[in-house]
Each structure stands twice: as C-alpha cells, then as structure tokens.
Amino acid sequence: MAFPFQGVDFLNFDSLLTEDERMVRDTTRRFVEENLIPIIEQCNREGRFPRELVKPMGELGFFGANLEGYGCAGMSNIEYGLVMQELERGDSGLRSFVSVQSALVMYPIYAFGSEEQKNEWLPKLATGEKLGCFGLTEPDFGSNPGGMRTRARKTADGYVLNGEKMWITSGSIADVAVIWAKVEDEDDRVRGFLVETDRKGFEARDVHGKWSLRASVTSGLSLQDVHVPAKNLLPGTGGLKSPLMCLNQARYGISWGVIGAAMACYDTALQYTQTRKQFRDQPLASHQLVQEKLAWMITEISKAQLLIHHVGKLKDAGKVGFEHISMAKRNNVWMALECTRISRDMLGGNGITDDYPIMRHMMNLESVKTYEGTHDIHTLIIGNSVTGIPAF
C-alpha cells in the first residue's frame, strides 16, 4: 500500500520560503491529500478527469493564481509554483489542467486581450465556472508551430477559421478555446482568437487509448468555417512570439510541478526500502546500492528546487529570460523522470502496481517530457543562448 507523504526537504529549502509561501504550499498539500490522493488511482484506471475538484480548486484560487485583478489570487510566482508542485505530486494530469486554465487560457486573455475580453472571461475562468483550452499544436506540427495550417479569413464582421488542432488538454470540456491561426489578409501573421466551443463548425473529440495522463482530458479540435466576431480577436497578439510567451508561462509551472512527482516517488521508495526486508532480514535501505540510489535522487531533487526557486525570483523581479525557463523545464523534467525509473526499480515488482504511485507518475512524465517543448528543443534553446548560433 502507498505510504503517507512525509515531506522532502534535505537542504532546508523551506528556509528560503516566506510564511505566505509556506502557507500556500501547505494549503495545496492538504487539498491534494484530502481530495485527490484518495481518488486518483481509480481515476487513472478509468481514464476519468476528476471534474468534481474544479470548483474547490477555483475557491482556493488555483486558476490564474499569479495574475492580478479580475478575481485572480495575485500570488507571487514562487507561490504559484508551489501550487503546481503539490498538484503534480498528486498527478500530472490535474496539474496540466490547472496549467492550461491558468497559463494558456487566462494568461493570453490577461496579456493580449481587450478590457472587454478580460472582464467577460477572467472572473469566470478564475472560479472554474468556465473552462478553457489552448489550440496551437496541430496533427502535423508540434515542435514547429510556425508550420501551422489553421487559417483565419477576414469577413465584413469578423473572421472565419478553418483548421485542425491536436493534443489539446481540456478540449472537449472547454467553454472557450484560444485558437492560434494565420490570418490570410495579414500575410499569414499568427493571431490569437477566442472561440466559444458551442459555435457552429467547432468540434472536439477525445483521444482514447492513452497510457499517460489518463486522469486528464486530451482532445483533437476541428474548425470548419467557424465564424467569430471581430471582437473575439485577441488584439495584442501578433506573430509566433505571442503563443510562445504563453508556453513560457506554462513551462515555468511545469518546472515546479515535476518536482512534486519526483518527491512522491522518492518518498515512496525511501519508506518502502526502510520497511522492506531482504537478505539476512535487513531493510533494503541498509544496503549500499539502495543508499546510492536514494542519495542520487535527493541530490537531484534538491538541485532542481534551488534552480526553479531562483528562476521564480528572477520572474518576480521581471528579469527572467525564456532560456532560463527552458533550462529549468529541461533539467527538472529529466530529473523527475529518472527518479520515477529509479524508484520503480527499487520497489521491484511492486513498483508496477497502482498500490503505489510510481508507475503512474512515470507514464505521466513521459508526456510532460514531450509537451511544452521537448527535451531536445530546450537543449537547442539553451545552446542558441550560450553560442549565439541558432541550430534549429
């Protein structure tokens, strides 16, 4: 059976946190323990998103938590990151849902929207009354979003959108989709549009047969002659820089979130090896090879904590670069995935059952390693930054 989480803090990381930051972390941790942990394995088995948790998360201010005004909590980026950490300690799927709602739907409205759009959507998205999705990736274009085929054509009173989007979190449960398209009348300039999902010609279909993120809704979107009024254009958008700014917000949250998954697996492996006895009736934790694995994991988790905490401080100070966030996403996801694999190994056959959370985290993180920029793409972003030579 799974062990109760006992916390993971080798370097006294908590000493870097303010009282408010610890309070946010502890409140989220308690929410996860009381509401998500008891149901997540069943949700994972059934491939069911725990929608019953949406309203309580809205009440706690998890959606758009680091945005100011419009009913948002106005948290610091460190506080927001700690929310992501604890949610993903529960499950990557739930953290993904909150990341999309916050960084990929609310943020573009907040950053690029008109005052009318902000007032109409942000308060409802903040409470979870309305849900959103983000449509950038297409069936044939993932790491190369500039190749998108979705088009918007100007009409007398708005735009007509045609195209396909793929791997869209929350697609079939969203009330509004932030759709990125090339505007034919603007030399294929990329612009963002708010598309209500009940519009004629808009269709969302769920992706089935997933071995990863099973407690999250993943969809494909189809837009066939979908008309939106001119007021649905996000006026501040222009070029690929706009959606990439949104992805940067999401990558930041991911960099915190995956530490939570690593913590869950490390803590499970630690407690398991302290209680499981093998060879002369000694606990597994008494053996050198086991201690080496535990030492590696706690070292890498501690390094990841310090990395993203510093990036968060830079973000709060307005000094963070996209290359800093790429480093955090690349390192921390890799670290977390390695922790799941090592932990699974330490539990032997028990590690593949859902009596323990390790295999679920491992499968989830295989997706997290790919989305919001693959490990290799972030490698090239960092390489470009340090050499000044793009190798894309």
Side-chain angles (χ1 to χ4, degrees), residues 81 84-85 88-89 91-93 95-96 99-100 103-104 134 136-147 166-169 210-213 216 218 240 243-266 296-297 299-312 315 320-345 358-392:
M84 297 297 106
Q85 171 187 285
E88 192 145 1
R89 187 177 61 80
D91 190 75
S92 301
R95 196 272 309 144
S96 293
S99 284
V100 168
L104 299 183
F134 177 90
L136 178 65
T137 298
E138 299 189 354
D140 295 322
F141 295 95
S143 295
N144 176 28
M166 191 60 185
W167 307 115
I168 309 302
T169 297
K210 296 185 299 178
W211 289 108
S212 180
L213 298 176
S216 176
T218 307
L240 270 179
L244 293 179
M245 286 174 64
C246 301
L247 292 177
N248 220 36
Q249 300 297 315
R251 291 163 178 168
Y252 171 76
I254 290 167
S255 302
W256 278 98
V258 294
I259 294 174
M263 285 178 168
C265 295
Y266 164 81
W296 187 92
M297 287 192 286
T299 300
E300 293 302 321
I301 289 171
S302 298
K303 288 157 62 177
Q305 288 176 309
L306 296 176
L307 171 59
I308 192 56
H309 184 268
H310 182 64
V311 170
K315 197 170 189 301
V320 75
F322 62 85
E323 66 276 12
H324 302 143
I325 294 176
S326 283
M327 177 177 283
K329 200 272 185 182
R330 177 182 181 272
N331 178 81
N332 291 8
V333 177
W334 163 79
M335 174 279 299
L337 191 51
E338 288 301 305
C339 283
T340 66
R341 291 167 175 165
I342 293 169
S343 299
R344 207 292 310 158
D345 180 71
I358 292 173
M359 200 70 175
R360 173 170 51 82
H361 281 301
M362 183 191 298
M363 292 189 295
N364 286 342
L365 288 173
E366 288 289 352
S367 291
V368 179
K369 190 183 181 198
T370 298
Y371 69 37
E372 315 295 1
T374 68
H375 186 89
D376 289 346
I377 289 295
H378 288 297
T379 300
L380 295 179
I381 290 172
I382 297 167
N384 183 23
S385 177
V386 299
T387 66
I389 305 171
F392 292 91

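The first residue in the sequence is number 1, and the count goes up from there. Just so you know, these numbers use all the heavy atoms, side chains as well, and skip hydrogens, waters and symmetry mates.
Between R251 and S326, the side chains place no donor N or O within less than 3.5 Å of an acceptor N or O (distance only, hydrogens not considered).
Here CG of D91 is found 4.5 Å from CZ of R360. Values are rounded to the nearest 0.5 Å. The CG atom of L380 sits 7.0 Å away from atom CG of D376, with the distance rounded to the nearest 0.5 Å. Rounding to the nearest 0.5 angstrom, the gap separating the CG atom in N384 from the CZ atom in F322 is 7.0 Å. Distance CD1/I342 to CH2/W296: 4.5 Å, rounded to 0.5 Å. Considering CG of N332 and OG of S255, their distance stands at 5.5 Å, rounded to 0.5 Å. Taken from CE in M335 to CD in Q305, the straight-line distance is 8.0 Å, to the nearest 0.5 Å.
In this structure the side chain of P243 reaches within 4.5 angstrom of the side chain of F134, judged on heavy atoms. At least one side-chain heavy atom of M362 sits under 4.5 Å from a side-chain heavy atom of L337. The shortest side-chain heavy-atom distance between L365 and E88 falls under the 4.5 Å cut-off. A heavy-atom distance below 4.5 Å is found between the side chains of F392 and I381. Using a 4.5 Å heavy-atom threshold, the side chains of Y371 and I254 count as touching.
Between M327 and I382, the shortest heavy-atom contact is CA-CD1, 3.6 Å. Minimum interatomic distance between K210 and T218 (heavy atoms only, all atoms of both residues): NZ-OG1, 2.8 Å. Taking each heavy atom of P139 and M166 in turn, the nearest pair found is N-CB, 3.7 Å. In this structure, C265 and C339 approach most closely via the heavy-atom pair CB-O, 4.3 Å. Minimum interatomic distance between L247 and E372 (heavy atoms only, all atoms of both residues): CD2-OE1, 2.8 Å. Among all heavy-atom pairs drawn from T374 and S143, the shortest one is CG2-OG, 3.9 Å.
A salt bridge does not link R330 to E323: none of the charged nitrogens lies less than 4.0 Å from a carboxylate oxygen. A salt bridge between K303 and E300 is present, with a side-chain N of the basic residue lying under 4.0 Å from a carboxylate O of the acidic one.
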Run the side chain to side chain contact (heavy atoms under 4.5 Å, CB included) test on I325 and H378 for me, step by step, so that the C-alpha distance in whole Å, both residues' side-chain angles and the decisive distance to 0.1 Å come before the verdict. CA-CA 9 Å; I325 294 176; H378 288 297; over 6 Å; no

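With sequence neighbours excluded, the residues forming a side-chain contact (heavy atoms from CB on, under 4.5 Å) with V100 are L104, V105, T169, listed by chain and number. For D140, the side-chain contact (heavy atoms from CB on, under 4.5 Å) partners two or more places apart in sequence, or in a different chain, are R149.
Remark: the backbone N or O of G373 is paired with a side-chain donor or acceptor of K329 at under 3.5 angstrom. Using modelled atom types, no side-chain atom of N364 and backbone atom of S212 make a donor-acceptor pair closer than 3.5 Å. For T379 (side chain) and H375 (main-chain N/O), a donor-acceptor pair under 3.5 Å exists by modelled atom type.
Of the listed residues (Q249, H310, H324), just one forms a side chain to side chain donor-acceptor pair (under 3.5 Å) with K315, and that residue is Q249. Only one option out of E366, M363, H361 pairs with T340 in a side-chain contact (heavy atoms from CB on, under 4.5 Å); it is H361.
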